[in-house]
Amino acid sequence: MLYLTSDDFPVFVPFGVIGFYRYLWFLIRIAAAFSYRPVPLPENPTYIASEDVTIIVPTIDAGEEFKEAAHSWLVGKPKEILIITEEKMLGPLQELANAVDPERIRVLTVPFANKRLQMSHGIKNTTTDIIVFADDDAIWPPTMLPCMLACFEDQKIGGVGTSQRVQPVGSRMTVWEVLAAFRLTIRNIEIASSTHIDGGLPCLSGRTASYRTVILKDPEFLHGFTHDYWLGKYQLNSGDDKFLTRWMVSHGWSTYVQVCKEAELLSTMKPNWRFLKQVLRWTRNTWRSDLRSLFMERHIWTSHPYVAYTMVDKLFNPLTLLVGPCLVSYLLYKSTIPKEQGGYHLPWWNIIISYMVWLTATRTAKLLPHLWHRPQDVIYVPAFIMFGYYFAIMKIYALFTLHETGWGTRSGIGDAGAATAAMEADTQRQNEKAQANNNNNPYRHQEYPSEPYSPFRDQSPSPFSDTPTPTTGTPVYAARTQGGPGVRRRAGDEEVEMQVGYAR
């Protein structure tokens, strides 16, 4: 390296400093991930799955893999599983539910396929204190629910995530599934390190995440969740997990992620080129959410500064990654020019071999946690290197196409605006019917508002939707005065139900 920099020291040293900086932070993440510890199971748990947990599964095309996933959920003995689908899929999904457990699985429908509307419909039909969202192909270990519930012993925790691993669709993994597995390995390290460093994380993955029902029952959340617009005019359907994570941060709730084998789910990925369309959708969601977190809401800077740093780093990551091949191309050009005419003395083959050895060594080092368990995947490291450069270019493309909000990989996902309008019309019809029945009831009594009054609320406008949101602050707990899920603490045989306000 010193021999090379003798040609043009002021040019090469800055690039070396950039590389040193990036790998220094990589080592910091590794050290933090090794220092991380999951929350242990309590001896006397406050929350019990059979009483306090409802699993909500929004889906439109669940197949046989749903049965395996549903059986794994039922091992944890949740009180209920709600399958939310569109009306035309009611029959097939009801048959699947009946084949698994008709007593604990209910199938509900919405007029149009729209994940956020399906999730909100499930929230409205939940009666337990904890909601767990799960993908229809997420396979859980038997200890998943106890591990997630353990985190809620801390009354400041509002949402809990898990680690993940890829379940192959066929008998062996395709190259696309291996690439997905590599990404999940790196993600598990990142979320463990950020949780250990400052208690935050960029996203509670929607494949499986749990939340306090009292947070999601808030009418302000439900309205903002289903009326989420990018730039005020592009309604969002995907990116639900990003929205939920930002809501936790902006409303003073802590989050945690259980990175351990006892809480590691298995999930299928697209086993073909359609995986790239998945990555494109995820990348657009990440751009939109991170820009909001950093520059619109800005709570992340004070709540989780390390996570804010990682978000900023990802903004520039595509550019720093593409600097490498650009510099190598320049070196190759200069190596063809005689040294007497200003060229470089290293031959082109020396530059290429050095660059390939460096790439292979550094990328393999990042993947060692995965290769420790699956050493046979080392042959896919070159594919991972090429995918990295493709991803950098795709990330720049995604930045300039953030107005495209379609799902991309699933047919049957209709227009979000039409689905929302249909759901609102259906809700209005139900309200009118209920009001008519109430007016015809001679024994009717005055109805109370569904949302408990809180003196701590302030209707501050949200910068990213047309919904007012409460002022950010530390959650304040007060004794609950009416029905509905709340934040519960158990002291011996006595139970205390809590409701949540927001301190200014």
Side-chain angles (χ1 to χ4, degrees), residues 54 56 58 82 84 108 110-111 114-131 133 158-159 210-229 232 235-237 239-253 297 299 416-417 419-435 438 446-473 475-488 497-504:
T54 296
I56 296 177
L82 298 180
I84 319 295
L108 305 177
V110 294
N114 181 282
K115 187 177 182 183
R116 295 203 188 193
L117 290 179
Q118 290 169 248
M119 293 170 68
S120 64
H121 191 56
I123 293 168
K124 294 173 184 177
N125 284 272
T126 297
T127 59
T128 58
D129 289 342
I130 303 295
I131 287 176
F133 293 114
S210 53
Y211 301 89
R212 294 190 188 275
T213 306
V214 69
I215 303 173
L216 309 188
K217 284 275 191 179
D218 187 338
E220 293 173 354
F221 168 81
L222 289 171
H223 186 270
F225 188 59
T226 54
H227 296 75
D228 187 19
Y229 293 85
Q235 188 168 5
L236 302 180
N237 181 12
D240 49 277
D241 47 5
K242 290 283 190 179
F243 183 97
L244 282 159
T245 306
R246 292 200 316 274
W247 189 273
M248 297 296 114
V249 175
S250 63
H251 289 72
W253 289 96
E297 299 168 359
H299 306 292
T420 302
M423 176 60 73
E424 289 178 342
D426 184 64
T427 301
Q428 183 177 357
R429 286 194 299 270
Q430 293 178 11
N431 291 339
E432 291 174 353
K433 183 178 179 180
Q435 184 64 36
N438 186 56
Q446 182 179 2
E447 294 185 355
Y448 292 92
S450 58
E451 181 186 11
Y453 169 76
S454 172
F456 305 107
R457 289 195 181 277
D458 180 24
Q459 301 297 315
S460 301
S462 167
F464 58 88
S465 75
D466 53 3
T467 307
T469 57
T471 299
T472 303
V476 177
Y477 304 96
R480 193 170 66 179
T481 58
Q482 65 179 40
V487 181
R488 182 170 64 197
E497 296 284 349
M498 313 296 285
Q499 75 180 34
V500 183
Y502 296 89
R504 296 186 179 185

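Separating the OG1 atom in T226 from the CZ atom in F243 is a distance of 8.5 Å, to the nearest 0.5 Å. Separating the CE atom in M119 from the CD1 atom in I131 is a distance of 9.0 Å, to the nearest 0.5 Å. Separating the CG atom in L108 from the NE2 atom in H121 is a distance of 5.0 Å, to the nearest 0.5 Å. The structure places NZ of K115 at 9.0 Å from CZ of F133, a figure rounded to the nearest 0.5 Å.
Residues L236 and K242 have side chains not in contact (no heavy-atom distance under 4.5 Å, counting atoms from C-beta outward). Side-chain atoms of L216 and L244, non-hydrogen and from C-beta on, do get closer than 4.5 Å to each other. In this structure, Y211 and I123 have side chains that are not in contact, with every pair of non-hydrogen atoms separated by 4.5 Å or more. Residues H251 and I215 are not in side-chain contact: their nearest non-hydrogen atoms beyond the backbone lie 4.5 Å or more apart. Inter-residue side-chain proximity for L222 and K124 is flagged as met; some heavy-atom pair is nearer than 4.5 Å.
For the side-chain contact (heavy atoms from CB on, under 4.5 Å) with T126, the lone residue among D129, T128, I130 that qualifies is T128.
Proximity of a side-chain donor or acceptor of H223 to a complementary backbone N or O of P219 within less than 3.5 Å is not detected. Not a single donor-acceptor pair under 3.5 Å links the side chain of N114 to the backbone N or O of N237. Here the side chain of R212 pairs no donor or acceptor atom with the backbone of G158 at under 3.5 angstrom.
Annotation for Q118 and I84: closest pair NE2-O, 2.7 Å, computed over non-hydrogen atoms. Heavy atoms only, all atoms of each residue included: H227 and Q235 are closest at CA-NE2, 4.3 Å.
Considering only residues two or more places apart in sequence or on other chains, S210 meets the side chain to side chain donor-acceptor pair (under 3.5 Å) condition with none of them.
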